[in-house]
Enquirer: 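First the structure, then my questions, so here it is.
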Amino acid sequence: MASKVLRAVVLGPPGSGKGTVCERIARSFGLQHLSSGQFLRESLRDGGGIFCSPGHALRLGAKCRLAALVAEPLWSRGRGPRRAPADSSLQPGFPRTLGQAEALDRICELDLVISLHVPFETLKDRLSARWVHPASGRVYNMEFNPPHVHGVDDLTGEPLVQREDDKPEAVTARLRKYKDAAKPVIELYKSRGILHSFSGTETNKIWPYVYALLSNRIPPLHTEEEH
């Protein structure tokens, strides 16, 4: 069990392996892996209540709506009886803009920000080979993480689709847009002394450094070798 509450985000361009890193952190350290896409889908499906703490509804503009979705579990899971793995939380790929970072600041304080840097050409190759299951958000890569049956989701058997912004012609513009939007966010967290950056072409090569960083803050449940 994590010995203290830790609130963290993992930043990186599309295709940088944020989700994979977060899943490994969750398994190794007993943190709660929060998916912004999951909370957004659930909110839209349920049609209502976005809360940062019991009884306090947030009525925010479009830029802040996602911050509210993410911050609700960050706050609520730090309250009441301690439970594993919900004592600590991490969020992949959020905040994406300075406006979202400022909105998140008004709701909770981050302890740690991990930033992933992957070469441009590597990202282009990864994104162009990526297909998703729309209903769940599960992601497959046709080169190194393909579905069991070509073109369909492993769990539901439903068709996979390639998002418009993952198609080769859209990838370059998407990566440039991310770089411009992310720069002030990264500078903000760097100025606070909570930013830790890691570079590489493969998640397996980046992961040991992320593991070492977190091991100095909270005791791991599983060793690095178990991955």
Side-chain angles (χ1 to χ4, degrees), residues 8-29 31 33-37 90-97 101 110 112-133 136-148 150-151 153-154 160-190 193-217 220 222-227:
V9 296
V10 178
L11 303 179
S16 60
K18 298 181 296 293
T20 300
V21 168
C22 283
E23 289 170 2
R24 291 187 180 188
I25 293 174
R27 291 198 303 268
S28 294
F29 296 93
L31 273 66
H33 178 194
L34 307 176
S35 166
S36 57
L90 68 150
Q91 167 62 231
F94 180 90
R96 295 180 176 88
T97 67
L110 294 177
L112 181 68
V113 176
I114 294 171
S115 180
L116 306 180
H117 297 274
V118 178
F120 183 80
E121 289 302 320
T122 300
L123 294 173
K124 285 180 63 177
D125 292 342
R126 287 183 185 178
L127 291 171
S128 298
R130 189 164 69 172
W131 291 67
V132 300
H133 177 236
S136 68
R138 279 186 290 275
V139 178
Y140 299 86
N141 186 288
M142 296 306 171
E143 295 181 1
F144 58 83
N145 180 38
H148 298 316
H150 182 75
D153 179 57
D154 287 347
L160 301 177
V161 301
Q162 186 174 46
R163 302 190 313 184
E164 289 297 323
D165 55 3
D166 281 344
K167 293 181 178 179
E169 61 273 16
V171 167
T172 298
R174 184 180 176 193
L175 292 175
R176 287 175 178 167
K177 181 178 179 180
Y178 169 83
K179 182 179 179 180
D180 292 341
K183 184 176 180 180
V185 177
I186 291 173
E187 290 299 322
L188 173 67
Y189 293 133
K190 182 178 180 180
I194 61 173
L195 179 75
H196 298 265
S197 299
F198 303 96
S199 301
T201 59
E202 300 176 22
T203 301
N204 285 341
K205 294 182 178 179
I206 294 176
W207 168 246
Y209 298 100
V210 175
Y211 181 90
L213 169 69
L214 290 172
S215 294
N216 289 327
R217 293 173 174 261
H222 304 289
T223 64
E224 178 190 339
E225 288 73 17
E226 292 184 50
H227 294 287

Enquirer: Rounded to the nearest 0.5 Å, how far apart are CE of M142 and OG of S128?
Expert: 12.5 Å

Enquirer: If the condition is salt bridge (Lys or Arg N to Asp or Glu O under 4.0 Å), which residues does E187 pass it with, not counting sequence neighbours?
Expert: none

Enquirer: Is there side-chain contact between R163 and R130, with at least one heavy-atom pair below 4.5 Å?
Expert: yes

Enquirer: Which heavy atom of L123 sits nearest to which heavy atom of P13, and what is that distance?
Expert: CD1-CG, 3.5 Å

Enquirer: Could you tell me whether the side chain of P95 reaches within less than 4.5 Å of the side chain of L11, counting heavy atoms only?
Expert: yes

Enquirer: Considering non-hydrogen atoms only, spot the tightest contact between K18 and V10 and give its length.
Expert: CD-O, 3.6 Å

Enquirer: What I'd like to find out is whether the side chain of P119 reaches to under 4.5 Å of the side chain of T201, using heavy atoms alone.
Expert: yes

Enquirer: Using modelled atom types and a 3.5 Å cut-off, is there a donor and acceptor pairing between side-chain atoms of K205 and backbone atoms of S199?
Expert: no

Enquirer: Are any of the side-chain heavy atoms of N204 and R24 separated by less than 4.5 Å?
Expert: yes

Enquirer: The criterion is salt bridge (Lys or Arg N to Asp or Glu O under 4.0 Å); which residues satisfy it with K190, sequence neighbours excluded?
Expert: none

Enquirer: Output every pair passing side chain to side chain donor-acceptor pair (under 3.5 Å) with a member in residues 113-125, not counting sequence neighbours, ordered by first then second residue.
Expert: S115-H117

Enquirer: Report all side-chain donor-acceptor pairs from residues 170-178 shorter than 3.5 Å, counting only partners two or more places apart or in another chain.
Expert:
{"unit_1": "R174", "atom_1": "NH1", "unit_2": "D165", "atom_2": "O", "d": "3.3"}
{"unit_1": "R174", "atom_1": "NH1", "unit_2": "D166", "atom_2": "OD1", "d": "2.3"}
{"unit_1": "Y178", "atom_1": "OH", "unit_2": "G12", "atom_2": "N", "d": "3.3"}
{"unit_1": "Y178", "atom_1": "OH", "unit_2": "G12", "atom_2": "O", "d": "3.4"}

Enquirer: List the residues meeting side-chain hydrogen bond (donor to acceptor under 3.5 Å, both in side chains) with E164, not counting sequence neighbours, and say none if there are none.
Expert: K167

Enquirer: Provide the closest heavy-atom pair for G17 versus T203 in the form atom of the first, atom of the second, distance.
Expert: CA-OG1, 4.1 Å

Enquirer: Going by side-chain contact (heavy atoms from CB on, under 4.5 Å), name the residues that satisfy it together with D154, two or more places apart in sequence or in a different chain.
Expert: Y140, P147, H148

Enquirer: I need the T20 OG1 to E202 CD distance, nearest 0.5 Å.
Expert: 12.5 Å

Enquirer: Restricting to side-chain contact (heavy atoms from CB on, under 4.5 Å), what partner residues turn up for V210, sequence neighbours left out?
Expert: V21, I25, I114, F198, I206, W207, L214

Enquirer: Please report the shortest heavy-atom distance between L188 and A101, naming the atom on each side.
Expert: CD2-CB, 4.0 Å

